[in-house]
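Note that ligands are numbered from 1 as they come in the structure, with each ligand's atoms numbered from 1 the same way. For clarity, every value in this text was computed on a predicted model and none was experimentally measured.
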Amino acid sequence: MTPKLQAKNLRLAISGREILNIENFMLKNGEVIALIGPNGCGKSSLLKALALIDPPAAGVIYFNGHPVYPGGDMPGARRRMALVFQEALLFDTSVYRNIMIALRIRGVTGKTASERARKWLDRFGILHLARRSARKLSGGEAQRANLARAFALEPEVLFLDEPFSALDYPTRKTLLNEMGKLLKDMNMTTLFVTHDYTEIPYLASNVNVMFEGKIKKSGTVQTIFGEEIFEKRMLTPWEA
Ligand SMILES: Nc1ncnc2c1ncn2[C@@H]1O[C@H](COP(=O)(O)OP(=O)(O)OP(=O)(O)O)[C@@H](O)[C@H]1O
Ligand SMILES: [Mg+2]
């Protein structure tokens, strides 16, 4: 089956230092890959290259089997992807308008847009916050709004760069459980960067391990971590 997203021979160097050197990266339709590795190994750089935000110096990126970089429909492919970072990066307006603006940028307006916005606010349990200023949300609420906005775009590929890192333990766990179900229900193709390995089993079935700009290992969650990882799922104090 044609991979949803593939990259071959990606190279990126900044000031003569190699940041990325990826021979072959593949994300299959509906697959959720966790991308891990030490600080500075290139995880965010790879994510931004694949999301066509920071295209690499060399290499080819394929979307649905078609080369989109270099020389393809890069804006078209980018519109079918969504990104969520650690910081919620919301516009300074209401939660509802945050989603409406993002949809308008992608050409979705009117009733379709408002229905979609409400649907995803509801799915993330924050419909009651629709009129609230995004600046007046708690960290957890802001990240819910951010995720609702990403899903409202109905992307074909979702990129998550440590989206739960700033949240407290119980909030993180609740959101991870919800996200795990959602990614499965939607069959969402996802690349999930995290530095907290206990988050992995909630979302991902496969893992890529990066080191110094290269993917050193890839495999299922079990082959990379062993079965113990499933016992190390986050426990809140009242469960421990
Ligand atoms: N615009 C830039 N200019 C110079 N160096 C950069 C730039 N962007 C990234 N780098 C360097 O590239 C390397 C990889 O950075 P990247 O942010 O991809 O790492 P990361 O794996 O996401 O790290 P972290 O776990 O800390 O988020 C780092 O050494 C970083 O300093
Ligand atoms: Mg990073």
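For atom 19 (O) of ligand 1, the nearest non-hydrogen atom from the set G42, S165, G213 belongs to G42.
Under 2.8 Å from the Mg ion (ligand 2) lies no N/O/S atom of N39, from backbone or side chain alike.
Residue R80 places its CZ atom among more than 12 non-hydrogen atoms of other residues, nucleotides or ligands, all under 6.0 Å distant.
Per-atom contact check: atom 28 (C) of ligand 1 touches the protein, criterion being a heavy-atom distance below 4.0 Å.
Checked against a 3.5 angstrom limit, the closest N/O atoms of G37 and ligand 1 fall outside it. Distances between N or O atoms of G40 and those of ligand 1 include at least one value under 3.5 Å. Below 3.5 Å of separation, one finds an N or O of C41 facing an N or O of ligand 1.
Only the side chain of R17 comes within 4.0 Å of ligand 1, counting heavy atoms alone; its backbone N, CA, C and O stay farther away.
For ligand 1, the atoms sitting less than 4.0 Å from at least one non-hydrogen atom of N39 are 23 (O), 24 (P), 25 (O), 26 (O), numbered in the order shown with element in parentheses. Which parts of ligand 1 touch I14 is read off a 4.0 Å heavy-atom cut-off, strictly below it: atoms 2 (C), 3 (N), 4 (C), 5 (N), 6 (C), 7 (C), 8 (N). Atoms of ligand 1 found under 4.0 Å from any heavy atom of S45, numbered from 1 in the order shown, are 14 (C), 15 (O), 16 (P), 18 (O).
Of the candidates Q143, R132, R144, L137 forms a side-chain contact (heavy atoms from CB on, under 4.5 Å) with just one, namely R132. The only option from N206, T189, T190, N187 that meets the side-chain hydrogen bond (donor to acceptor under 3.5 Å, both in side chains) definition with E31 turns out to be N206.
Considering only heavy atoms from C-beta on, F124 stays 4.5 Å or farther from E141 through its side chain. Looking only at side-chain heavy atoms (C-beta outward), L5 and M81 come within less than 4.5 Å of each other. The shortest side-chain heavy-atom distance between N24 and Q6 falls under the 4.5 Å cut-off.
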Are N64 and K4 close enough, and set up right, to give a side-chain hydrogen bond (donor to acceptor under 3.5 Å, both in side chains), and what steps lead you there? CA-CA 5 Å; N64 292 320; K4 174 62 67 183; 3.0 Å; yes
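Rounding to the nearest 0.5 angstrom, the gap separating the SG atom in C41 from the NZ atom in K214 is 12.0 Å.
Note: F192 and F164 have perpendicular aromatic rings, judged against thresholds of 30 and 60 degrees for the angle between ring planes.
Of all protein heavy atoms, the one lying nearest to atom 25 (O) of ligand 1 is K43 NZ, 2.7 Å. Nearest to atom 17 (O) of ligand 1 among the protein's heavy atoms is S44 CB, 3.8 Å. At the top of the distance list for atom 11 (C) of ligand 1, counting protein heavy atoms only, stands I19 CD1, 3.7 Å.
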